[in-house]
Amino acid sequence: MKYANHVGYSDVDPYEIVRVISDKTIEIREMKTERDDSVKLEFHVGGFSAHCSNQHDQKWTISSDETAPVIRIRLGKRGWKCPHGRKFVLGDEPVKFFDYNF
């Protein structure tokens with residue numbers, strides 16, 4: 001695995017694995033993300049202010065951020081978490097998703 005994706009309810013933010021300390025401890029760093037405007041999102045009246053009917057079509061440009069702080073996450077009974085309790089899922093690809101309908 002090369003990436004640890006932070007899962008916050010329905011949003012997902014990519015982090016890259018910087019160093020493996022042990023089987024249960026790794027160091028990660030947040031990645032830069034920029035939305036690809038080639039995909040035009042469609043918003044309709046509804047929800048709090050609008051409803052995005054094609055939000056799963058969104059695309060992102062994801063790159064390393066050498067200036068981002070490195071944090072440690074640990075594997076526990078309920079998965080990978082940082083000291084603040086944020087949950088991470090390891091993967092081979094970085095994932096970015098913003099839930100426009102939340």
Where [X] and [Y] come nearest, the two heavy atoms and their spacing:
| X | Y | answer |
| --- | --- | --- |
| Asp65 | Glu30 | CB-O, 3.6 Å |
| Pro94 | Ile62 | O-CD1, 3.8 Å |
| Leu75 | Asp23 | CD2-O, 4.3 Å |

Problem set entry | From CA spacing to verdict: side-chain contact (heavy atoms from CB on, under 4.5 Å), Ile21, Arg72 | CA-CA 9 Å; Ile21 306 295; Arg72 240 177 220 194; 3.8 Å; yes

For this session: Might you work through the side-chain contact (heavy atoms from CB on, under 4.5 Å) test for Arg74 and Thr25, ending with a clear yes or no?
Result: CA-CA 5 Å; Arg74 291 183 168 80; Thr25 306; 3.8 Å; yes

Euclidean distance, [Y] [atom2] relative to [X] [atom1], rounded to 0.5 Å:
| X | Y | atom1 | atom2 | value |
| --- | --- | --- | --- | --- |
| Lys40 | Asp57 | NZ | CG | 13.5 Å |
| Glu93 | Met1 | CD | CE | 11.0 Å |
| His6 | Lys87 | NE2 | NZ | 10.5 Å |
| Lys32 | Lys96 | NZ | NZ | 14.5 Å |

Any donor-acceptor pair under 3.5 Å linking the side chain of [X] with the backbone of [Y]?
| X | Y | answer |
| --- | --- | --- |
| Asp13 | Thr33 | no |
| Asn5 | Val12 | no |
| Gln58 | Phe98 | yes |
| Ser64 | Glu66 | no |
| Glu16 | Arg29 | no |
| Asp99 | Asp11 | no |

For this session: Mark yes when over 12 heavy atoms from residues, nucleotides or ligands other than Asp37 sit less than 6.0 Å from its CG; otherwise mark no.
Result: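 More than 12 within 6.0 Å, yes.
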
Exercise. Are the ring centres of Phe88 and Tyr15 closer than 6.0 Å?
Worked result: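 Yes: the rings meet the under 6.0 Å criterion.
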
For this session: Measure centre to centre between the rings of His51 and Tyr100, then say whether the value is under 6.0 Å.
Result: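 No.
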
For this session: In sequence, state the C-alpha distance, the side-chain angles, and the governing distance for Gln55 and Val39, and then conclude on side-chain contact (heavy atoms from CB on, under 4.5 Å).
Result: CA-CA 10 Å; Gln55 73 173 357; Val39 175; over 6 Å; no

For this session: Evaluate the side-chain proximity of Tyr3 to Asp92: yes if any heavy-atom separation is below 4.5 Å, no if none is.
Result: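 No, their side chains stay 4.5 Å or more apart.
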
Problem set entry | 4.5 Å side-chain heavy-atom contact, Leu41 and Cys52 |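 The answer is yes, as the side chains (C-beta and beyond) meet within the 4.5 Å cut-off.
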
Would you say [Y] ends up clustered with [X] if hydrophobic residues are merged whenever their side chains have heavy atoms under 4.5 Å apart, either directly or through other cluster members?
| X | Y | answer |
| --- | --- | --- |
| Ile17 | Ile73 | yes |
| Val7 | Leu90 | no |
| Met31 | Ile71 | no |
| Phe97 | Tyr9 | no |

Exercise. Between His44 and Ser53, does a side-chain contact (heavy atoms from CB on, under 4.5 Å) hold up when you go through it step by step?
Worked result: CA-CA 7 Å; His44 311 282; Ser53 60; 3.0 Å; yes

